[in-house]
Asks: 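Below you'll find the structure I mean.
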Amino acid sequence: MNLSDPLGLIIRLFNAIKLIDIDNSSPVVIYSSFLPIFKALKAADSKIVDQFLELLINHYSNRGILMPSFTKGYNKENICDLDREKSNNGVLSDSFRKNNKVIRTLSAYFSYLYLGPCEKEMFDLSPEYAWGMNSVLDWIQENDATIIMIGLHPTQNSFPHRIEWLLKDSIPYRENIIKKGIVIRKQKRYSLSEKLFVRKKNILNLENDFTKIFNVLDRDKVRCKNIDGILLSSYKSS
């Protein structure tokens with residue numbers, strides 16, 4: 001690879017993603033880390049992030065694009081301002097957040113960014129339980145969205161939490177807690193109550209390793225590619 005040609009690398013990555021895309025019609029959920037990309041380039045450049053994002057938007061927005069944009073939740077005044085809060089899910093997600101056509105789902109902790117044909121449906125989501133009915137994870141499952149991983153292990157995303165929720169009656173290490181406050185979105189204030197399925201504090205030696213799920217997945221339905229040390233993968237939520 002020519003390190004003086006960062007645009008060449010992101011075009012190669014984008015073309016590789018198109019090749020491993022497991023479905024050319026379903027909505028896509030993109031999880032990403034730009035650290036391996038910056039490492040390959042030996043430089044961190046926000047222009048590269050924006051150029052890569054533009055390629056993704058031009059190709060996928062007609063199908064619908066979701067990206068996580070999680071936050072720390074409420075501040076000392078018990079307010080979460082989604083119009084100002086940055087995404088904790090990497091530079092690609094935060095760049096996506098700044099697009100004025102993108103909407104953000106209503107949550108003080110687990111908001112997602114969306115651009116595509118189901119804007120109203122995503123905008124109106126307000127689940128009682130963060131990973132339960134009418135949540136974004138429920139929507140991903142019901143629409144059998146395609147999960148695209150960029151620079152991350154195939155399992156390093158939030159969707160395994162949906163599996164935990166579906167098996168909640170068999171899970172001893174989590175419990176529901178209620179979080180209440182004011183969430184600001186599009187300059188409108190919402191009085192919100194969310195039930196989060198959190199880890200119990202009194203359970204010790206809990207192994208936090210979803211990568212083991214990969215060992216039991218149907219490998220024929222998971223497409224992977226490695227470009228200059230940058231791992232890409234694609235599979236359906238089903």
Side-chain angles (χ1 to χ4, degrees), residues 27 29-31 66-90 93 97 103-114 118 120-145 147 149 152-186 188-214 216-217 235-238:
V29 193
I30 299 175
Y31 297 87
L66 274 166
M67 289 190 200
S69 59
F70 301 163
T71 68
K72 294 180 180 179
Y74 298 109
N75 62 18
K76 293 180 180 179
E77 287 74 41
N78 215 29
I79 292 173
C80 177
D81 188 347
L82 292 179
D83 294 338
R84 295 177 178 269
E85 284 286 340
K86 293 183 178 181
S87 168
N88 287 338
N89 297 96
S93 172
R97 175 184 67 87
I103 62 106
R104 201 167 189 175
T105 63
L106 195 62
S107 174
Y109 297 88
F110 301 116
S111 64
Y112 286 76
L113 305 166
Y114 179 79
C118 297
K120 185 180 185 306
E121 186 178 351
M122 300 302 300
F123 194 83
D124 291 343
L125 289 179
S126 184
E128 178 182 2
Y129 294 90
W131 303 333
M133 185 179 296
N134 295 322
S135 68
V136 176
L137 296 186
D138 179 42
W139 190 93
I140 291 171
Q141 179 188 353
E142 290 298 314
N143 288 273
D144 199 10
I147 295 172
M149 307 295 295
L152 294 165
H153 187 273
T155 62
Q156 282 184 294
N157 61 67
S158 56
F159 194 66
H161 293 315
R162 175 63 177 169
I163 303 169
E164 288 183 296
W165 175 255
L166 294 174
L167 297 172
K168 59 186 179 296
D169 293 338
S170 302
I171 287 180
Y173 57 85
R174 287 191 182 274
E175 62 184 349
N176 285 304
I177 64 168
I178 299 176
K179 292 287 187 178
K180 295 181 179 181
I182 300 297
V183 175
I184 299 172
R185 182 182 62 174
K186 299 291 186 182
K188 183 177 178 180
R189 297 167 70 92
Y190 298 82
S191 181
L192 205 63
S193 175
E194 297 179 86
K195 293 180 181 177
L196 311 182
F197 198 38
V198 301
R199 286 185 229 158
K200 296 178 181 178
K201 294 181 180 179
N202 61 348
I203 294 185
L204 302 177
N205 302 318
L206 180 64
E207 185 179 11
N208 184 20
D209 184 9
F210 283 119
T211 63
K212 293 181 178 179
I213 295 174
F214 195 62
V216 297
L217 291 179
Y235 56 95
K236 301 285 285 180
S237 64
S238 56

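Along the sequence shown, the residues carry numbers beginning at 1.
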Asks: Between Phe210 and His161, is the ring centroid distance below 6.0 Å?
Replies: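 Phe210 vs His161: aromatic centres under 6.0 Å.
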
Asks: With rounding to the nearest 0.5 Å, note down the distance linking OH in Tyr74 to CG in Asp81.
Replies: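 Atom-to-atom, Tyr74:OH and Asp81:CG are 12.5 Å apart.
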
Asks: A quick test of your reading: do over 12 heavy atoms of other residues, nucleotides or ligands sit less than 6.0 Å from NZ of Lys236?
Replies: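 It does: Lys236 NZ has more than 12 such atoms within range.
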
Asks: Locate the shortest heavy-atom distance separating Leu125 from Asn134; write the atom from each residue and the value.
Replies: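 That would be CD2-O, 3.1 Å.
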
Asks: To the nearest 0.5 Å, what is the distance between SG on Cys118 and CG on Asp124?
Replies: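 The distance works out to 11.5 Å.
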
Asks: Look up atom CG in Leu192 and atom CG in Asn78, then write down how far apart they are to the nearest 0.5 Å.
Replies: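 That separation rounds to 11.0 Å.
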
Asks: Are any side-chain N or O atoms of Ser237 and backbone N or O atoms of Ile140, one a donor and one an acceptor, separated by less than 3.5 Å?
Replies: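 Confirmed, Ser237 side chain pairs with Ile140 backbone.
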
Asks: Before accepting this row, confirm whether a basic side-chain N of the pair Asp138/Arg162 lies closer than 4.0 Å to the acidic partner's carboxylate O.
Replies: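 Yes.
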
Asks: Quick one: closest heavy-atom pair of Ser93 and Pro68, and the distance?
Replies: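 Heavy atoms only, the tightest pair is OG-O, 2.6 Å.
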
Asks: Determine yes or no for a side-chain-to-main-chain donor-acceptor pair under 3.5 angstrom, with Arg185 supplying the side chain and Arg104 the backbone.
Replies: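 Answer holds: yes.
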
Asks: Suppose the criterion is salt bridge (Lys or Arg N to Asp or Glu O under 4.0 Å): which pairs have a residue in residues 190-202, not counting sequence neighbours?
Replies: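 Found Glu128-Lys195.
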
Asks: Check whether the side chains of Ser126 and Tyr190 place a donor and an acceptor atom closer than 3.5 Å, and report yes or no.
Replies: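 No, Tyr190 and Ser126 have no side-chain donor paired with an acceptor closer than 3.5 Å.
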
Asks: I need the minimum non-hydrogen distance between Ser135 and Gly132, along with the two atoms involved.
Replies: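 That closest heavy-atom pairing would be OG-O, 2.6 Å.
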
Asks: Minimum heavy-atom separation for Lys186 and Asp83, please, with both atom names.
Replies: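 Distance-wise, the nearest heavy atoms are N-OD1, 2.7 Å.
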
Asks: For residues Leu66 and Pro27, determine if any side-chain heavy atom of one lies less than 4.5 Å from a side-chain heavy atom of the other.
Replies: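 Side-chain contact under 4.5 Å: no.
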
Asks: Any side-chain heavy atom of Ile178 within less than 4.5 Å of one from Ser193?
Replies: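 Side-chain contact under 4.5 Å: yes.
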
Asks: If you count heavy atoms of other groups shown closer than 6.0 angstrom to CG of Asn202, is the number above 12?
Replies: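 Check passes, neighbour count above 12.
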
Asks: Say whether, by atom type as modelled, one donor and one acceptor occur between the side chain of Thr71 and the main chain of Ala108 under 3.5 angstrom.
Replies: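 A pair under 3.5 Å: yes.
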
Asks: Looking at Tyr173, Trp165, Tyr109, which one forms a ring pair (Phe, Tyr, Trp, His ring centres under 6.0 Å) with Phe197?
Replies: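 Running ring pair (Phe, Tyr, Trp, His ring centres under 6.0 Å) over Tyr173, Trp165, Tyr109 with Phe197 returns exactly one hit, Trp165.
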
Asks: By side chain to side chain donor-acceptor pair (under 3.5 Å), which residues pair with Tyr235, not counting sequence neighbours?
Replies: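 Side chain to side chain donor-acceptor pair (under 3.5 Å) list for Tyr235, sorted by chain: Asn157.
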
Asks: So does Met122 get a backbone contact from the side chain of Thr105, meaning a donor-acceptor N/O pair under 3.5 Å?
Replies: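 Side chain of Thr105 to backbone of Met122, a donor-acceptor pair under 3.5 Å: no, none is there.
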
Asks: Does a sphere of radius 6.0 Å around NZ in Lys168 hold more than 12 heavy atoms from other residues, nucleotides or ligands, not counting ones at 6.0 Å or beyond?
Replies: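 Correct, the count exceeds 12.
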
Asks: So, taking the atom named CG in Asn75 and the one named CD1 in Ile182, what distance separates them when rounded to the nearest 0.5 Å?
Replies: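 With rounding to 0.5 Å, CG (Asn75) is 11.0 Å from CD1 (Ile182).
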
Asks: Looking at side-chain heavy atoms only, is the closest gap between Phe159 and Gln141 below 4.5 Å?
Replies: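 Touching, per the 4.5 Å side-chain cut-off.
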
Asks: Tell me the closest heavy-atom pair linking Phe110 and Ala130, and the distance in Å.
Replies: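 Here Phe110 and Ala130 meet closest at CD1-CB, 4.0 Å.
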
Asks: Can you tell me how far apart CD (Gln156) and CD1 (Ile213) are? Round to the nearest 0.5 Å.
Replies: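 Spacing of CD (Gln156) from CD1 (Ile213) equals 11.5 Å.
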
Asks: Are Lys212 and Glu207 ion-paired here, with the side-chain N under 4.0 Å from a carboxylate O?
Replies: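 Yes, Lys212 and Glu207 are salt-bridged.
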
Asks: If you compare all heavy atoms of Ser69 against all heavy atoms of Ser87, which two are closest, and at what distance to 0.1 Å?
Replies: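 Minimum heavy-atom contact is CA-OG, 3.3 Å.
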
Asks: Could you state the interatomic distance from NZ (Lys188) to CG (Leu106), rounded to the nearest 0.5 Å?
Replies: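 Lys188 NZ to Leu106 CG: 9.5 Å, rounded to 0.5 Å.
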
Asks: Just do the side-chain contact (heavy atoms from CB on, under 4.5 Å) check on Ile147 and Tyr31 with the steps written out, would you?
Replies: CA-CA 8 Å; Ile147 295 172; Tyr31 297 87; 4.1 Å; yes

